[in-house]
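Order of the sequence lines sets the chain letters (A, B, ...), proteins ahead of strands, with each chain counted from 1. Given the structure is predicted, the values throughout are model-derived calculations rather than measurements.
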There are 2 protein chains.
Amino acid sequence: MQEHEKLFKDFLKAKGLKLTLPRRVILDTIFTYHQHFNVDALYDVIRKDHQNVSRATIYRTMPLLVESGLIKQSLRCQSKDHYEHIYGHSDHLHFLCIKCGNIIEVESKEIEKTLKKLAATKNFDISDYNLGAKGVCESCQKKIL
Amino acid sequence: MQEHEKLFKDFLKAKGLKLTLPRRVILDTIFTYHQHFNVDALYDVIRKDHQNVSRATIYRTMPLLVESGLIKQSLRCQSKDHYEHIYGHSDHLHFLCIKCGNIIEVESKEIEKTLKKLAATKNFDISDYNLGAKGVCESCQKKIL
DNA sequence: GCTACTTTTGCGAATGAGTCTCAAAACTCT
DNA sequence: AGAGTTTTGAGACTCATTCGCAAAAGTAGC
């Protein structure tokens, strides 16, 4: 059993829940194929090998994965919630290109530090960051429109 | 005509569009009553005095207001898009309390500066920031669960 | 102010991501 | 294997947001 499976299993167990086959398939698929993803795309990938995992189950599993700390909710894009890995990935922020939809990831230690400092001044207990910007990426700027 | 009306009118004109009565009502209501708001709440307020402004028109006007730079899209909360003023408000970031739903606003010059610097290294042309964190606010931390 | 033209509006229908229900299936423990 | 719980898939459902359309309102030129 891989590391992330073990973590998820422990998390579930602590809540009296089970690491079932569909949950395992979802978790493994996420950690095999995807960086950023949304449920729809995930569903398509999963369906290739497992025709019997339903959308509902994926939707039901996402909050568990988020709560477990393995993934987090990320940008909302084209009216869909997106997710990204946390486990095994260092904090970073996103630049979302509004022309091509690509996401550029950038290390963000400094911003993170500042944010924590600010939160401390307000006695706010941060559970999750959301840092980024929308704009136009380098290659889209070069395209003549 | 108030300042923000003039700005919006000029913006619309430049696009060959018109500052109609419904658009004016929407704009004025936003700038009179609201800091953060969502379309639903805005609709209720507007309806008190103007029974003939439809939801569809509000939905259609929001992107124009965003594009004009008067307001921006903000946190998404309870499955609803939220908006906030920009015109007349300095940049700030949000701490959203996941217990009580309150939003704490904090000045963020420093983070902004860092973000701009990072964007510059990637040649990314920022049009809109999105900075914030979720967590638990001071008073909710004190509540015993 | 009136005409001709374009944009806008309100209404209700449509869309679509995400949630819920429920009976059947899968786990877990003994 | 059986009892008791949690999960699941399928499809119905919700509800924010968008769309289509015919009527209404703005605008520019007379």
Side-chain angles (χ1 to χ4, degrees), chain A residues 1 5 8-29 36-68 71 73-83 101, chain B residues 1 5-6 8-29 36-68 71 73-83:
Chain A
M1 180 148 54
E5 278 187 347
F8 193 41
K9 183 170 189 177
D10 290 346
F11 164 81
L12 291 170
K13 197 165 199 175
K15 290 181 73 95
L17 305 178
K18 302 159 190 169
L19 181 55
T20 58
L21 186 58
R23 284 178 181 156
R24 196 128 131 208
V25 167
I26 293 165
L27 177 62
D28 287 347
T29 305
H36 286 258
F37 63 94
N38 58 271
V39 170
D40 238 46
L42 182 58
Y43 178 76
D44 287 345
V45 174
I46 287 176
R47 272 295 173 133
K48 283 186 193 141
D49 295 320
H50 307 270
Q51 311 76 1
N52 50 343
V53 172
S54 76
R55 257 201 185 74
T57 299
I58 300 179
Y59 274 112
R60 282 186 286 234
T61 303
M62 300 316 290
L64 293 172
L65 287 167
V66 169
E67 203 190 333
S68 78
I71 66 173
Q73 234 180 320
S74 174
L75 299 153
R76 190 178 163 83
C77 204
Q78 295 160 306
S79 306
K80 289 179 185 130
D81 286 338
H82 283 236
Y83 298 88
Chain B
M1 180 147 57
E5 277 187 348
K6 179 157 175 22
F8 193 42
K9 183 169 189 179
D10 290 347
F11 164 81
L12 290 171
K13 198 166 198 175
K15 291 179 72 94
L17 306 177
K18 303 157 189 171
L19 181 55
T20 58
L21 185 58
R23 283 179 181 156
R24 196 128 131 207
V25 167
I26 293 166
L27 177 62
D28 287 347
T29 305
H36 285 257
F37 63 94
N38 58 269
V39 169
D40 237 46
L42 181 58
Y43 178 77
D44 288 345
V45 175
I46 286 176
R47 273 292 173 138
K48 282 186 194 145
D49 296 319
H50 307 269
Q51 311 76 0
N52 50 344
V53 172
S54 77
R55 258 203 183 74
T57 299
I58 300 179
Y59 275 111
R60 282 186 285 233
T61 303
M62 301 314 290
L64 293 172
L65 288 166
V66 170
E67 202 190 334
S68 78
I71 67 173
Q73 233 180 322
S74 176
L75 299 154
R76 190 179 164 84
C77 206
Q78 295 160 305
S79 305
K80 289 179 184 128
D81 286 338
H82 284 236
Y83 298 87

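In terms of phosphate contacts, B/Arg23 brings a side-chain nitrogen or oxygen within less than 4.0 Å of OP1 or OP2 of C/dT8. For A/Ser79 and D/dT17, the shortest distance from a side-chain N or O to OP1 or OP2 is not below 4.0 Å. Side-chain N/O atoms of A/Tyr59 include none lying less than 4.0 angstrom from OP1 or OP2 on C/dT19.
Here B/Asp81 lies in heavy-atom contact (under 4.0 Å) with sugar-phosphate atoms only. Within 4.0 Å (heavy atoms only), B/Arg47 reaches sugar-phosphate atoms of the nucleic acid but no base atom. Residue B/Leu19 is out of contact with every strand shown, counting any heavy-atom pair closer than 4.0 Å.
Remark: C1' of C/dT9 and CD of B/Gln51 are 16 Å apart, rounded to the nearest angstrom. Counting to the nearest Å, the C1' atom of C/dG18 and the OH atom of A/Tyr83 are 9 Å from each other. What separates CG of B/Leu42 from C1' of D/dA16 is a distance of 15 Å, to the nearest Å. Nucleotide D/dT18 holds its P atom 13 Å from the CG atom of B/Asp40, rounded to whole Å. Atom CZ in B/Phe11 sits about 15 Å away from atom C1' in C/dT7, given to the nearest Å. Atom C1' of nucleotide C/dA17 and atom CD1 of A/Ile58 are separated by 13 Å, given to the nearest angstrom. Counting to the nearest Å, the P atom of C/dG18 and the CE atom of A/Met62 are 10 Å from each other. If you take NZ of A/Lys9 and C1' of D/dT6, they are 15 Å apart, rounded to a whole angstrom.
In this model, a side-chain donor or acceptor of B/Lys18 finds a partner on the base of C/dT6 within 3.5 Å. A donor-acceptor contact under 3.5 Å is not formed by the side chain of A/Arg60 with the base of C/dG18.
Mapped onto DNA chain C by nearest heavy atom, B/Arg55 and A/Arg76 fall at different nucleotides, with B/Arg55 at the one closer to the 5' end. For the pair B/Leu21 and A/Ala56, nearest-nucleotide mapping onto DNA chain C gives the more 5' position to B/Leu21. Where B/Val39 and A/Val53 each meet DNA chain D at their nearest nucleotide, the meeting point lying more 5' is that of A/Val53.
A donor-acceptor contact closer than 3.5 angstrom links the side chains of B/Tyr43 and B/Arg47.
B/Phe8 places a side-chain heavy atom less than 4.5 Å from the side chain of B/Ser68. Residues A/Arg76 and B/Arg76 have side chains in contact (heavy-atom distance under 4.5 Å, counting atoms from C-beta outward).
A salt bridge links B/Lys6 to B/Asp10: one of the charged nitrogens lies within less than 4.0 Å of a carboxylate oxygen.
Comparing atom distances between the B/Thr20 side chain and each of C/dC11, D/dT7, C/dT8 picks out C/dT8 as nearest.
With B/Thr61 contributing its side chain and B/Thr57 its backbone, the two residues share a donor-acceptor pair below 3.5 Å.
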